[in-house]
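Below you'll find the structure, written out as structure tokens, and then a few comments.
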Amino acid sequence: MDNEDPNEAVAQSLPEQVQALSAEALEFGATFVTLGWRLYQVLLILLLIAIAYGIEYLTRQNVREWLRARRGWRKWQLRLSLILHKRMRLILFVVMIWALIFFMQEVTWYSRTYVLRIVASIATAWLVVSLAARVIHNRLLRRIVVWSAWIYVTLHFTGALDSISSLLDSVAINTGEARLSLLDVIKAFVILAALLAVVRLIARMSASRIKSNDDISPSMQVLFVKAMQVVLYGAAFFFGLKAVGFDLTGLAVLSGAIGVGLGFGLQKVVSNLVSGVIILLDKSIKPGDVISLGETFGWINALGARYVSVVTRNGKEYLIPNEDLITGQVVNWSHSDAYVRLDIFFGTAYTDDPHQVRQIACEAAGRVQRVLTRTHTPVCHIVGFGDSSVDYILRFWISDPTRGLTNVRGSVYLALWDAFKEHGISIPFPQREVRVLNDPQDGISAVEPISPPSKGASD
């Protein structure tokens with residue numbers, strides 16, 4: 001007996017446990033047939049379910065119209081009303097079955113509500129779990145937690161929890177001193193899902209608090225949020241494994257081997273991750289900055305662990321790897337402040353007074369809404385005497401580059417056009433005089449071409 005294989009012993013005990021569990025289920029079902037009051041309670045439960053479905057079906061449209069008319073409510077009030085509306089059948093069933101239990105306990109014996117109390121407890125627990133799980137925004141994670149909790153409370157109130165646990169624990173794999181059963185896997189899965197749900201809620205609340213703190217720069221806010229998420233999710237993972245008795249010493253060796261493999265196979269990914277941390281620490285770019293990288297011009301929408309999201313004026317969103325921002329040349333239009341200087345060139349005729357032109361140009365630019373006039377006044381300078389015009393440069397400043405540069409340049413050009421038209425200042429254009437040779441009106445004759453010398457002629 002000492003040399004008996006543990007796996008063989010488990011294989012021998014598993015059919016016996018399944019047979020015993022089946023016998024208990026048959027005995028539990030036969031009880032309802034032999035005891036009249038328990039059968040009556042089952043019929044009452046089915047009747048209450050039918051009534052709850054009927055009430056919900058008849059009032060569904062009226063409740064929806066009533067909710068649509070509540071547009072003045074706050075967002076959380078509308079969301080709560082919608083959540084309760086989707087669970088109206090279960091709410092009606094819970095209210096009616098508990099009311100029936102209280103009524104029957106007054107008119108008959110307490111023991112004649114045994115089945116009703118079990119079903120009412122299960123339904124109430126289902127309702128509480130369903131409502132509490134709404135704090136989990138991830139749909140898959142929420143379903144895992146809800147179904148796991150529903151199965152647990154159902155087995156608990158029906159008294160089958162110990163039998164099912166023993167059955168699941170008998171299905172196991174033994175490797176040396178380690179033993180991994182199906183019950184351990186389910187526990188680890190459920191505990192990890194619950195911990196991840198709690199960590200996700202804490203991380204979201206903490207992130208909103210950090211982002212609302214004006215004393216922390218945007219880049220440091222992103223860094224704090226990312227670091228907090230890594231710590232919380234890592235702690236949830238390891239605590240979940242520790243809670244089911246998993247030995248973490250072997251995991252340390254395995255993680256070291258995996259880390260070496262990832263270091264060689266995912267060099268670009270690791271480089272982008274490290275570059276992202278450097279960007280957050282040195283604050284070279286931050287959310288909201290206007291940058292130019294090659295032909296890409298836009299403002300930073302978000303800083304990710306692997307890439308930076310840059311949104312352009314035409315609505316395109318570029319995902320630029322963090323490594324490109326570290327190794328390449330980046331023009332940050334709003335690194336130290338949001339002020340940006342723009343230049344436009346124009347020319348006027350030689351007959352116009354350049355002093356008047358400069359004054360009119362500065363006043364016209366100052367009348368444009370986005371052009372700054374208090375802290376940075378527009379200036380105009382002569383830059384040259386061209387073939388057809390006197391050339392000028394007009395410089396002005398703006399403080400909102402995220403709203404675009406081309407549109408404000410166009411507005412300034414239109415302001416110049418209107419101001420020059422109002423004061424009679426002309427904008428010349430190049431003119432060329434073309435004269436045709438052999439034109440009898442000009443009296444000019446073309447020079448006859450000299451024919452090349454013939455072969456054999458002497459020099």
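If you're wondering where the values come from, they're calculated on a predicted model, not measured in any experiment.
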Inset, instruction - Quick one: pull up CG in Leu293 and CG in Asn332 and give me the separation to the nearest 0.5 Å. - result: 11.5 Å
Inset, instruction - Find out whether Ser389 and Ile427 are in side-chain contact, i.e. whether some heavy atom of one side chain is under 4.5 Å from a heavy atom of the other. - result: no
Legend entry - Reference residue Val119; test side-chain contact (heavy atoms from CB on, under 4.5 Å); the match among Val42, Ile45, Val94: Ile45
Legend entry - Minimum side-chain heavy-atom gap Val308-Leu319 below 4.5 Å: no
Inset, instruction - Fit a plane to each ring of Tyr339 and His376, take the angle between them on a 0 to 90° scale, and name the class: parallel (under 30°), tilted (30 to 60°) or perpendicular (over 60°). - result: tilted
Inset, instruction - Take Ile202 and Met205, measure what side-chain contact (heavy atoms from CB on, under 4.5 Å) needs, and give me the verdict at the end. - result: CA-CA 5 Å; Ile202 296 175; Met205 295 174 60; 5.9 Å; no
Legend entry - Nearest-0.5 Å distance, CZ of residue Phe93 to CG of residue Leu48: 6.0 Å
Legend entry - Heavy-atom closest pair, residues Pro428 and Gly347: CD-O, 3.8 Å
Legend entry - Atom pair CD1 (Ile320) and OG (Ser309), whose distance is rounded to the nearest 0.5 Å: 9.0 Å
Inset, instruction - Assess whether atom CD of Gln329 is packed by more than 12 heavy atoms of other residues, nucleotides or ligands within 6.0 Å. - result: no
Legend entry - From Gln369 atom CD to Ser411 atom OG, the distance as rounded to the nearest 0.5 Å: 9.0 Å
Inset, instruction - Search all heavy atoms of Leu92 against all heavy atoms of Ile55 and return the closest pair with its distance. - result: CD1-CG2, 3.6 Å
Inset, instruction - Could you go through the side-chain contact (heavy atoms from CB on, under 4.5 Å) check for Asp353 and Ile425 one step at a time? - result: CA-CA 9 Å; Asp353 184 8; Ile425 297 175; over 6 Å; no
Inset, instruction - In sequence, state the C-alpha distance, the side-chain angles, and the governing distance for Val357 and Tyr392, and then conclude on side-chain contact (heavy atoms from CB on, under 4.5 Å). - result: CA-CA 9 Å; Val357 171; Tyr392 299 86; 3.7 Å; yes
Legend entry - Whether over 12 other heavy atoms sit under 6.0 Å from Phe345 CZ: yes
Inset, instruction - Evaluate whether atom CH2 of Trp147 has more than 12 neighbouring non-hydrogen atoms of other residues, nucleotides or ligands under 6.0 angstrom away. - result: no
Inset, instruction - Report the C-alpha separation of Glu323 and Ser275 in whole Å, then their side-chain angles, then the decisive distance to 0.1 Å, and conclude whether the side chain to side chain donor-acceptor pair (under 3.5 Å) test is met. - result: CA-CA 6 Å; Glu323 185 181 6; Ser275 300; 6.0 Å; no
Legend entry - Thr312 (side chain) donor-acceptor with Lys316 (main chain) under 3.5 angstrom: yes
Legend entry - CD1-CD1 distance between Ile291 and Ile300, expressed to the nearest 0.5 angstrom: 4.5 Å
Inset, instruction - Indicate the atoms forming the closest heavy-atom contact of Thr113 with Ile101, along with that distance. - result: CG2-O, 4.3 Å
Inset, instruction - Calculate, to the nearest 0.5 Å, the distance between atoms CD1 and CD1 belonging to Ile326 and Ile278 respectively. - result: 5.5 Å
Inset, instruction - Without swapping roles, check the side chain of Asn62 against the backbone of Thr59 for a donor-acceptor pair under 3.5 Å. - result: no
Legend entry - Donor-acceptor contact below 3.5 Å, side chain Ser130 vs main chain Trp126: no
Legend entry - Sub-4.5 Å side-chain heavy-atom contact between Arg409 and Asn407: no
Legend entry - Over 12 non-hydrogen atoms of neighbours within 6.0 angstrom of CZ in Phe346: yes
Legend entry - Side-chain touch Cys362/Thr377, heavy atoms, less than 4.5 angstrom: no
Inset, instruction - For a side-chain contact (heavy atoms from CB on, under 4.5 Å) with Ile344, tell me which candidate from Val408, Val412, Ile393 qualifies. - result: Val412
Inset, instruction - Without swapping roles, check the side chain of Thr154 against the backbone of Trp150 for a donor-acceptor pair under 3.5 Å. - result: yes
Legend entry - Neighbour count above 12 (heavy atom, 6.0 Å) for Tyr350 OH: yes
Legend entry - Residues Lys421 and Asp418 bridged, charged N to O under 4.0 Å: no
Inset, instruction - Tell me, yes or no, whether the heavy-atom count around Arg60 atom CZ, taken from other residues, nucleotides or ligands under 6.0 Å, exceeds 12. - result: yes
Legend entry - Heavy-atom check, side chain of Glu317 versus side chain of Val310, under 4.5 Å: no
Inset, instruction - Could you tell me whether a side-chain N or O of Arg358 sits under 3.5 Å from a main-chain N or O of His381, the two making a donor and an acceptor? - result: no
Legend entry - Minimum heavy-atom distance Ile398-Arg370, with the two atoms named: CG2-O, 3.5 Å
Legend entry - Whether Asp352 side chain and Ser426 backbone form a donor-acceptor pair below 3.5 Å: yes
Legend entry - Heavy-atom check, side chain of Leu372 versus side chain of Thr375, under 4.5 Å: yes
Inset, instruction - Decide yes or no on side-chain contact (heavy atoms from CB on, under 4.5 Å) for Arg64 and His85, but give the supporting numbers first. - result: CA-CA 8 Å; Arg64 288 179 178 177; His85 172 62; 3.7 Å; yes
Legend entry - Nearest heavy-atom neighbours spanning Leu131 and Arg87: CD2-CD, 3.8 Å
Legend entry - More than 12 heavy atoms from other groups under 6.0 Å of OH on Tyr152: no
